[in-house]
Amino acid sequence: MKIYYHSPIGLVELTGSEEGLETCSFLRKSSQAVSPAEIKAGLAGAPEPLVAAWQQLDEYFKGIRREFSLLLRLEGTSFQKKVWSELQTIPYGQTRSYGQVAAACGRPGAARAVGRANHDNPLVIIIPCHRVIGGDGCLVGYGAGLWRKAWLLSHEKKVSGSRSQSLKQLD
């Protein structure tokens, strides 16, 4: 089943079943247009994991929630799952480099593989791949658009009051 959440930075599609949340992604292309009826259907009849995800996203964007506690149904390689698990340990309002994540996963030097696992992350925001930046502090590699990555990091920094390193954005 699919439901939609109107975030301040675009429409988010949530998919899943009673077994868990499967995807959380921004709709970016006109080919991904959603009818008003689909959006209006909202939470009515949605499985509990989708309702919980919608509610927790709403709390996240309102600055109330810093961590997600959801039933997830993840599919991926063992390395992807290890990376996604590591991403969930990055504190709200903080960042890590691709190299730091690779080292934490026991694969120093596998920064590109971490980048690929981030790219394949089916649960943006929920599994916070937006918190991973280039080793030089630049914002790089966010499939939903670097402007969204910058917005999410700025939102978290503002809510947490953190004084994390300043970020450089690649033009």
Side-chain angles (χ1 to χ4, degrees), residues 3-14 16 20-28 43 48-74 76 80-108 110-111 114-171:
I3 61 172
Y4 300 92
Y5 176 80
H6 282 280
S7 83
I9 53 175
L11 192 61
V12 177
E13 180 182 81
L14 301 165
L21 180 66
E22 295 172 9
T23 67
C24 174
S25 58
F26 287 102
L27 298 186
R28 300 173 304 187
L43 304 176
E48 174 54 33
L50 292 181
V51 173
W54 191 98
Q55 291 169 335
Q56 290 185 30
L57 275 176
D58 193 51
E59 293 168 354
Y60 171 86
F61 281 107
K62 288 178 178 175
I64 299 167
R65 178 169 293 275
R66 295 176 182 215
E67 294 179 13
F68 294 92
S69 176
L70 297 165
L71 178 59
L72 305 179
R73 187 165 179 238
L74 282 171
Q80 286 173 325
K81 288 179 180 180
K82 190 171 198 172
V83 169
W84 298 336
S85 179
E86 184 61 33
L87 298 181
Q88 293 176 77
T89 70
I90 302 172
Y92 182 93
Q94 295 185 25
T95 59
R96 299 290 183 272
S97 72
Y98 291 93
Q100 288 172 316
V101 173
C105 289
R107 299 263 312 267
V114 167
R116 184 67 203 177
N118 274 10
H119 175 77
D120 294 337
N121 174 11
L123 295 164
V124 299
I125 303 171
I126 309 293
I127 297 177
C129 55
H130 61 277
R131 296 181 189 153
V132 184
I133 61 174
D136 61 358
C138 288
L139 295 184
V140 293
Y142 196 63
L146 289 180
W147 70 273
R148 282 192 175 109
K149 184 173 192 166
W151 191 98
L152 292 166
L153 291 171
S154 176
H155 170 70
E156 291 183 7
K157 185 176 179 183
K158 184 176 16 173
V159 169
S160 69
S162 96
R163 299 177 190 264
S164 60
Q165 71 185 58
S166 64
L167 301 171
K168 299 181 244 172
Q169 184 160 354
L170 293 176
D171 295 320

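Below, each value reflects all heavy atoms present in this structure, side chains not excepted, and no hydrogens, waters or symmetry copies.
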Inset, instruction - Could I get the full list of ring pair (Phe, Tyr, Trp, His ring centres under 6.0 Å) partners for Trp54, not counting sequence neighbours? - result: Tyr5
Legend entry - ring pair (Phe, Tyr, Trp, His ring centres under 6.0 Å) against Tyr142, all qualifying residues, sequence neighbours excluded: none
With [X], which residues qualify under side chain to side chain donor-acceptor pair (under 3.5 Å), at least two apart?
X	value
Ser7	none
Gln55	none
Arg116	Asp120
Gln88	none

Inter-residue atom distance [X].[atom1] - [Y].[atom2], 0.5 Å rounding:
X	Y	atom1	atom2	value
Thr95	Arg131	OG1	CZ	10.0 Å
Leu153	Lys158	CG	NZ	12.5 Å
Cys105	Gln100	SG	CD	12.0 Å
Trp84	Lys81	CH2	NZ	8.0 Å
Ile127	Gln80	CD1	CD	10.5 Å

Legend entry - Charged N-O contact under 4.0 Å between Glu156 and Arg66: no
Legend entry - Partner set under salt bridge (charged side-chain N to carboxylate O under 4.0 Å, His left out) for Arg65, not counting sequence neighbours: Glu59
Side-chain touch [X]/[Y], heavy atoms, less than 4.5 angstrom:
X	Y	answer
Phe26	Arg148	yes
Leu71	Leu21	no
Leu57	Leu14	yes

Of the non-hydrogen atoms in [X] and [Y], which two are nearest, and what is the gap between them?
X	Y	value
Ala102	Ala111	CB-N, 3.8 Å
His130	Leu152	CD2-CB, 3.6 Å
Tyr98	Asn118	CE2-ND2, 3.4 Å
Gly135	Ser97	CA-CB, 3.9 Å
Ser160	Gly93	OG-CA, 4.0 Å
Val12	Cys24	CG1-SG, 3.6 Å

Legend entry - Chi angles and distances behind the side-chain contact (heavy atoms from CB on, under 4.5 Å) call for Thr23, Val124: CA-CA 8 Å; Thr23 67; Val124 299; over 6 Å; no
Inset, instruction - With Cys129 as reference, evaluate Ile90, Val83, Leu123, Asn121 under the side chain to side chain contact (heavy atoms under 4.5 Å, CB included) test and give the passing residue. - result: Asn121
Side chain to side chain contact (heavy atoms under 4.5 Å, CB included) against [X], all qualifying residues, sequence neighbours excluded:
X	result
Glu13	Lys2, Tyr4, Thr15, Ser25, Leu27
Ala103	none
Arg73	Glu19, Glu22, Glu75

Legend entry - Verdict with supporting geometry, Val132 and Leu87, side-chain contact (heavy atoms from CB on, under 4.5 Å): CA-CA 8 Å; Val132 184; Leu87 298 181; 3.3 Å; yes
Inset, instruction - Please list all pairs passing the salt bridge (charged side-chain N to carboxylate O under 4.0 Å, His left out) test where one or both residues lie in residues 82-106, with sequence neighbours left out. - result: none
Legend entry - Tyr60 vs Ile126, side-chain contact (heavy atoms from CB on, under 4.5 Å): CA-CA, chis, key distance, verdict: CA-CA 10 Å; Tyr60 171 86; Ile126 309 293; over 6 Å; no
Inset, instruction - Kindly indicate, with the supporting measurements, whether the criterion side-chain contact (heavy atoms from CB on, under 4.5 Å) is fulfilled by Val140 and Ile133. - result: CA-CA 6 Å; Val140 293; Ile133 61 174; 5.9 Å; no
